[in-house]
Amino acid sequence: MPTVWAHFSGHVPGFRDLGIISEQPKAGWSHVVNFTTYSNLVAWLMSGRFYDRVSRLNVNCHGNDGELVLDSRVTHANCERLSGLGVYLRRNAKLIFTGCLAGREAPGSRLLKRLSHVLWNRKIIAFELVSVLGSQDQLEFGAGDVHYGEATSGTQLARSGSLDPNPRVTPWNVHSKWAYRGRIIRYPAFEQARRPKRKCANPECPGHRSERNQCSGWHPGCEW
């Protein structure tokens, strides 16, 4: 099943423009594509005959609280614009947005819940903190190898229980938020601490492997 790393580089500078991303498939991504408009991405998926095949699609773009910065800004109010991705995503596929703050707090929840209505039966994932690829004086990263960088303070990382000074931005880390079928099923650890008895979507989380089980705190050894 294809896994796609899609890198936006449009009317605002993208990380690829900074020369710090390799387009060679790495880190578990079978395909890597750069796109300049949303229509460009859909056309690429169409040309590759990816209909109902993609199990994981990561859209790497800029963002703000509850907002994705593509060739037009996407919020909960207009996220139907992304509905064209649905024909390429398998049932229960993960659609991941690695962009600054897109999943943070109430604005992020509104965006993700609405998107999970628009793209039914897919898990929509974004993050509460800034995600960057690094700086221009650092070595080039491979596709998918996104880390939190200089724009994220140690205080922000610590608030979510992270002990790693340079954690990778993955669907399972402590800063991720998941939505599925119109509801949030997994909160970042910082938000989770204020919302007891919310479910954790991590299948490796000790004691929470049933969909009916609820999380009430952070468990050592569990990435969330």
Side-chain angles (χ1 to χ4, degrees), residues 6-8 12 14-15 38 56-83 85-86 89 92-133 146-149 151-153 155-162 167-202 205 214-218 222-224:
H7 201 75
F8 174 69
V12 295
F15 295 123
Y38 169 70
R56 187 163 32 111
L57 171 60
N58 188 105
V59 177
N60 188 37
C61 63
H62 292 289
N64 298 299
D65 288 20
E67 180 180 80
L68 304 168
V69 182
L70 298 171
D71 48 311
S72 66
R73 294 178 182 267
V74 178
T75 69
H76 76 284
N78 68 348
C79 62
E80 286 82 0
R81 180 166 184 257
L82 303 185
S83 62
L85 297 176
L89 297 171
N92 287 321
K94 296 180 182 67
L95 176 58
I96 307 161
F97 296 100
T98 47
C100 299
L101 314 178
R104 189 166 69 168
E105 301 288 357
S109 293
R110 285 195 295 269
L111 170 64
L112 297 187
K113 286 193 289 187
R114 183 61 193 151
L115 266 174
S116 69
H117 266 297
V118 172
L119 297 165
W120 195 253
N121 283 332
R122 282 84 172 189
K123 296 181 177 73
I124 315 297
I125 303 166
F127 300 85
E128 66 162 343
L129 294 182
V130 174
S131 59
V132 298
L133 288 165
V146 183
H147 294 249
Y148 292 104
T152 302
S153 72
T155 301
Q156 287 178 308
L157 293 175
R159 79 175 189 169
S160 285
S162 174
R168 293 188 72 248
V169 180
T170 72
W172 301 115
N173 77 9
V174 296
H175 308 291
S176 67
K177 178 180 286 184
W178 295 42
Y180 183 64
R181 294 185 175 182
R183 64 190 184 98
I184 302 299
I185 61 172
R186 182 186 193 272
Y187 283 93
F190 180 70
E191 294 184 44
Q192 168 68 29
R194 306 199 311 261
R195 296 173 171 86
K197 299 183 179 180
R198 297 289 182 176
K199 189 177 72 174
C200 176
N202 186 348
C205 187
Q214 305 289 305
C215 281
S216 59
W218 185 75
C222 175
E223 280 192 281
W224 76 266

Asks: So does Arg81 get a backbone contact from the side chain of Tyr38, meaning a donor-acceptor N/O pair under 3.5 Å?
Replies: yes
Asks: Keeping the roles fixed (side chain from Lys177, backbone from Ala102), state whether a donor-acceptor pair exists under 3.5 Å.
Replies: no
Asks: Quick one: are Leu57 and Leu95 in side-chain contact, heavy atoms under 4.5 Å?
Replies: yes
Asks: In chain order, what residues pass the side-chain contact (heavy atoms from CB on, under 4.5 Å) check against Leu111, with sequence neighbours excluded?
Replies: Leu68, Cys79, Leu115
Asks: In Å and rounded to the nearest 0.5 Å, what is the OG1 to NE2 distance from Thr98 to His7?
Replies: 8.5 Å
Asks: Please answer whether the main-chain N or O of Ser176 pairs with a side-chain N or O of Arg186 as donor and acceptor at a distance below 3.5 Å.
Replies: yes
Asks: Kindly indicate whether the side chain of Val69, heavy atoms from C-beta on, has any atom under 4.5 Å from the side chain of Glu67.
Replies: yes
Asks: Can you give me the closest heavy-atom contact between Ile185 and Tyr180, atom names plus distance?
Replies: CD1-CB, 3.8 Å
Asks: Roughly how far, to the nearest 0.5 Å, is the CD1 atom of Ile96 from the CZ atom of Phe127?
Replies: 6.5 Å
Asks: Check side-chain contact (heavy atoms from CB on, under 4.5 Å) between Ser83 and all other residues, then give those that pass, not counting sequence neighbours.
Replies: Val118
Asks: Within the structure provided, determine whether Val59 and Leu82 are in side-chain contact (heavy-atom separation under 4.5 Å).
Replies: no
Asks: Give, for atom CD of Glu105 and atom CZ of Arg110, the distance between the pair rounded to the nearest 0.5 Å.
Replies: 11.0 Å
Asks: From Leu112 CG over to Leu119 CG, what is the distance, rounded to the nearest 0.5 angstrom?
Replies: 11.5 Å
Asks: Can you give me the closest heavy-atom contact between Arg183 and Ser116, atom names plus distance?
Replies: N-OG, 4.1 Å
Asks: Using the test side-chain hydrogen bond (donor to acceptor under 3.5 Å, both in side chains), find all partners of Arg181 that sit at least two apart in sequence or belong to another chain.
Replies: Asn121
Asks: I need the minimum non-hydrogen distance between Ser109 and Tyr187, along with the two atoms involved.
Replies: OG-CE2, 4.3 Å
Asks: The test is side chain to side chain contact (heavy atoms under 4.5 Å, CB included); show your working for Leu101 and Asp65 and say whether it passes.
Replies: CA-CA 5 Å; Leu101 314 178; Asp65 288 20; 3.2 Å; yes
Asks: Taking the side chain from Trp178 and the backbone from Lys94, do they hold a donor-acceptor pair closer than 3.5 Å?
Replies: no
Asks: Any ring-ring contact (aromatic ring centres under 6.0 Å, His included) involving residues 63-83? Give me the pairs, sequence neighbours left out, ordered by first then second residue.
Replies: none
Asks: My understanding is that only residues two or more places apart in sequence, or in another chain, count here; which of them pass salt bridge (Lys or Arg N to Asp or Glu O under 4.0 Å) with Arg114?
Replies: Glu80
Asks: For Gly86, is there any backbone N or O sitting under 3.5 Å from a side-chain donor or acceptor partner on Arg122?
Replies: yes
Asks: Would you please name every residue forming a side-chain hydrogen bond (donor to acceptor under 3.5 Å, both in side chains) with Asn78, sequence neighbours left out?
Replies: none
